[in-house]
There are 2 protein chains.
Amino acid sequence: MALIAPDKETQIPDIVIGRLPVYLRALSFMHQQGKRTTSSSELGRRLGISSAQIRKDLSHFGEFGKQGTGYHVQHLIKELRLILKLDNIWPVAVIGAGFLGHALASYNGFEERGFQIRWIFDTDPTQIGKVINGITIQSMNELENTIELKHIKIALLAVPAVHAQSVTDRLVDAGVEGILNYAPINLVVPDHVNIGYSDPVVQLQHMTYYINSDDQF
Amino acid sequence: MALIAPDKETQIPDIVIGRLPVYLRALSFMHQQGKRTTSSSELGRRLGISSAQIRKDLSHFGEFGKQGTGYHVQHLIKELRLILKLDNIWPVAVIGAGFLGHALASYNGFEERGFQIRWIFDTDPTQIGKVINGITIQSMNELENTIELKHIKIALLAVPAVHAQSVTDRLVDAGVEGILNYAPINLVVPDHVNIGYSDPVVQLQHMTYYINSDDQF
DNA sequence: TTAGAATGGTGAAATATTTCACAGGTAGAT
DNA sequence: ATCTACCTGTGAAATATTTCACCATTCTAA
Ligand SMILES: NC(=O)c1ccc[n+]([C@@H]2O[C@H](COP(=O)([O-])OP(=O)(O)OC[C@H]3O[C@@H](n4cnc5c(N)ncnc54)[C@H](O)[C@@H]3O)[C@@H](O)[C@H]2O)c1
Ligand SMILES: NC(=O)c1ccc[n+]([C@@H]2O[C@H](COP(=O)([O-])OP(=O)(O)OC[C@H]3O[C@@H](n4cnc5c(N)ncnc54)[C@H](O)[C@@H]3O)[C@@H](O)[C@H]2O)c1
């Protein structure tokens with residue numbers, strides 16, 4: 001979501017929305033550690049951002065804290081989950097059952113945070129029918145039918161870059177509204193569709209600008 | 001040399017640096033397609049950002065285009081690679097040889113974009129010694145020695161969240177300056193260390209704010 | 001009961017980032 | 001040679017985002 005600023009008619013800046021999941025993650029961590037309350041300054045110290053920013057961000061949605069005391073961790077978690085529409089589990093489809101698709105389907109960290117991978121699709125006949133983590137790999141022939149029947153809104157796209165756009169077009173036509181794209185390519189989609197990008201090389205190339213390379217290699 | 005401090009007025013915004021790898025990726029795609037020249041408006045259309053922004057971003061580093069003509073794709077690629085210090089291959093270590101570590105080590109998309117995974121570390125004795133994509137999984141006992149001996153600057157962190165901070169501390173102490181963290185946790189590091197985060201759930205939770213959930217589920 | 005320290009919410013100020021708009025410059029067609 | 005359609009780089013303007021600074025409130029401890 002960093003580069004393509006979708007046409008959000010909303011009052012609240014997208015950059016604020018993008019920080020909420022990070023707050024939520026940190027709060028969940030605190031909760032697991034038994035912390036009952038926290039403050040904007042403690043949270044900010046942990047995340048490397050200013051306390052004022054955290055207070056300002058949250059103030060867009062209501063008054064969740066208490067002067068002198070801070071925030072009740074569990075309560076703030078609950079509020080953030082509501083804001084981000086995580087009060088129900090979102091069913092998710094993975095497209096592409098290669099190395100990455102396998103890793104994603106095997107990952108157990110989705111469910112407690114609001115998502116469940118329930119379908120995996122691939123074109124490869126030797127993959128179709130295999131079971132990963134309890135999920136049977138389906139043929140891409142069944143893609144549209146399944147998306148429409150099950151009202152799938154979110155997909156993880158883990159196919160080779162050359163096929164990413166055409167698969168995206170099919171997903172969008174069938175009704176998917178959010179795609180997390182792992183292929184190293186920019187996707188073109190209608191305004192109402194949300195795209196997230198996950199390209200490790202882009203992030204590494206960002207870092208190398210700041211790192212001095214040894215000349216001995 | 002200490003007297004020549006980075007001038008704040010000359011300092012290029014980090015947000016600009018972060019877009020350069022995306023420009024580079026799009027340009028490489030165009031080059032593969034046989035395109036010899038492009039323009040800020042064509043690039044912008046592809047990436048969903050304004051042409052003015054692209055021109056402004058590039059203008060921080062020089063004048064790479066030609067009025068009336070646009071940019072020579074291959075030349076701009078070369079310049080961006082230099083700016084991002086991608087003129088040599090960065091050797092990279094993967095920490096954690098689980099599902100994700102395997103996928104990363106098997107991924108052949110790094111090298112042509114400036115990185116090569118050369119080491120994999122894990123604590124699990126049943127994993128150590130196994131070979132993934134030509135790379136032998138090493139014991140974490142060898143971590144510090146290898147980092148120092150090979151001057152490893154960049155690591156991909158794919159261990160469980162509970163171990164992410166302690167492994168990070170070891171990496172930083174040994175000299176690593178850039179870490180791409182896949183664990184769903186915020187890391188605390190010294191200022192000179194660059195951290196990138198890759199948490200698919202954070203991105204999905206950002207999307208769900210904008211997606212209306214069906215009430216039938 | 002009171003002093004003192006900590007904290008949230010928030011308008012205003014300060015910065016940062018993006019967009020605008022235009023002065024040149026280029027290329028191809030005729 | 002001229003016309004037309006494009007293009008870049010950039011100062012200035014417009015927006016967006018972050019930070020500041022302060023009051024009101026809460027808690028603790030003496
Ligand atoms: N493996 C990684 O760690 C990693 C890291 C970053 C990015 N990526 C990207 O993720 C994507 C997948 O990577 P991978 O390593 O799993 O590749 P892979 O080649 O192992 O798997 C790709 C899978 O997609 C399937 N596929 C091909 N065309 C398809 C289509 N039209 N519809 C549905 N499925 C199709 C293939 O049959 C295969 O199973 C690639 O775009 C890659 O660049 C992977
Ligand atoms: N699998 C995915 O698609 C996925 C997606 C998003 C995030 N993640 C995150 O990436 C990390 C790895 O995920 P995974 O699915 O590969 O998990 P995994 O359990 O399959 O693998 C973790 C590996 O790390 C090793 N390990 C444990 N402690 C270690 C230590 N101190 N030093 C070195 N190695 C150690 C384990 O032996 C194991 O091989 C986790 O933090 C997970 O939350 C994974």
Side-chain angles (χ1 to χ4, degrees), chain A residues 1-20 22-23 26-27 30 35-80 83 206, chain B residues 6-20 22-23 26-27 30 35-77 79-80 83 206:
Chain A
M1 309 271 279
L3 271 174
I4 296 181
D7 189 13
K8 309 304 185 194
E9 300 294 331
T10 175
Q11 198 90 323
I12 296 156
D14 181 65
I15 197 162
V16 172
I17 307 299
R19 280 190 293 261
L20 300 185
V22 180
Y23 299 163
L27 288 163
M30 289 176 176
K35 259 199 159 311
R36 305 190 75 78
T37 64
T38 187
S39 65
S40 60
S41 57
E42 184 185 41
L43 202 46
R45 211 176 310 124
R46 242 186 166 110
L47 300 179
I49 60 186
S50 78
S51 62
Q53 178 157 84
I54 291 172
R55 294 199 300 279
K56 188 70 122 184
D57 283 354
L58 296 177
S59 76
H60 284 99
F61 303 95
E63 305 192 358
F64 306 123
K66 207 176 182 182
Q67 285 149 327
T69 308
Y71 300 91
H72 186 61
V73 173
Q74 205 160 7
H75 177 245
L76 189 50
I77 286 174
K78 203 172 147 192
E79 294 285 357
L80 286 174
I83 293 166
H206 186 163
Chain B
D7 189 350
K8 273 205 168 168
E9 315 249 352
T10 312
Q11 199 76 277
I12 294 157
D14 181 65
I15 197 162
V16 172
I17 307 300
R19 280 189 293 260
L20 300 186
V22 180
Y23 298 164
L27 288 163
M30 287 177 177
K35 259 201 159 308
R36 306 191 76 79
T37 63
T38 187
S39 64
S40 60
S41 56
E42 184 185 41
L43 203 46
R45 210 176 311 124
R46 249 193 162 102
L47 300 179
I49 61 187
S50 79
S51 61
Q53 179 158 85
I54 292 172
R55 293 198 302 277
K56 188 70 123 184
D57 284 353
L58 295 177
S59 76
H60 284 99
F61 304 94
E63 306 192 355
F64 306 123
K66 205 174 177 183
Q67 288 150 324
T69 308
Y71 301 91
H72 186 60
V73 173
Q74 204 160 8
H75 177 246
L76 190 50
I77 286 173
E79 295 284 357
L80 287 174
I83 293 166
H206 185 163

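A note on names: the letters A, B, ... follow the listed sequences, proteins ahead of strands, and every chain is numbered from 1.
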d([atom1], [X]; [atom2], [N]) in whole Å:
X	N	atom1	atom2	value
Asp57(A)	dT10(C)	CG	C1'	13 Å
Ile17(B)	dT17(C)	CD1	P	11 Å
Asp14(B)	dT18(D)	CG	C1'	15 Å
Leu43(B)	dC7(D)	CG	C1'	14 Å
Leu58(A)	dT10(C)	CG	P	11 Å
Glu42(A)	dG8(C)	CD	P	10 Å
Ile54(B)	dG9(D)	CD1	P	12 Å
His60(B)	dT18(C)	NE2	P	10 Å

From the set dT17(C), dT10(C), dT8(D), return the single nucleotide nearest to any side-chain atom of Pro13(B).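 Looking only at heavy atoms from C-beta outward on Pro13(B), the closest nucleotide is dT17(C).
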So with a 6.0 Å cut-off around CD of Glu79(B), is the heavy-atom count from everything else above 12?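 Enclosed: over 12 neighbouring heavy atoms sit under 6.0 Å from CD of Glu79(B).
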Crowding at CD, Glu42(A) (>12 non-hydrogen neighbours, <6.0 Å):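 Result for CD/Glu42(A): enclosed.
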Test side-chain contact (heavy atoms from CB on, under 4.5 Å) applied to Leu58(A) and Ile83(A), Leu76(A), Leu43(A), Val16(A), the passing residue: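 Testing Leu58(A) for a side-chain contact (heavy atoms from CB on, under 4.5 Å) against Ile83(A), Leu76(A), Leu43(A), Val16(A) leaves exactly one candidate, Leu76(A).
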Terminal axes of the helix from dT1(C)-dA30(D) to dT30(C)-dA1(D) (five pairs each): angle between them, nearest 10 degrees: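 The two end axes of the helix from dT1(C)-dA30(D) to dT30(C)-dA1(D) meet at 20°.
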Could you run through nucleotides 19-30 of chain C and give me one letter per nucleotide, 5' to 3': B if any protein heavy atom sits under 4.0 Å from the base, S if only the sugar-phosphate is that close, - if neither? B-B--BBBS---
Side-chain N or O of [X] versus OP1/OP2 of [N]: is the shortest distance under 4.0 Å?
X	N	value
Ser40(A)	dG8(C)	yes
Tyr71(A)	dT26(D)	no
Arg19(A)	dT17(D)	no

Rounded at 0.5 Å granularity, tell me how far OG1 in Thr38(B) sits from CZ in Arg45(B).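 Rounded to the nearest 0.5 Å, the OG1-CZ separation comes out at 8.0 Å.
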Identify the two heavy atoms, one from [X] and one from [Y], that lie closest to each other, and give their separation to 0.1 Å.
X	Y	answer
Leu47(A)	Ala26(A)	CD2-CB, 3.8 Å
Ile17(A)	Ile12(A)	CD1-CG2, 3.7 Å
Arg36(A)	His72(A)	O-ND1, 3.4 Å

Can you list every pair that meets salt bridge (charged side-chain N to carboxylate O under 4.0 Å, His left out) and has a residue in residues 48-58 of chain A, with sequence neighbours left out?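 Qualifying pairs: Arg19(A)-Asp57(A).
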Apply side chain to side chain contact (heavy atoms under 4.5 Å, CB included) to Leu27(A) and Lys35(A), showing your working. CA-CA 9 Å; Leu27(A) 288 163; Lys35(A) 259 199 159 311; over 6 Å; no
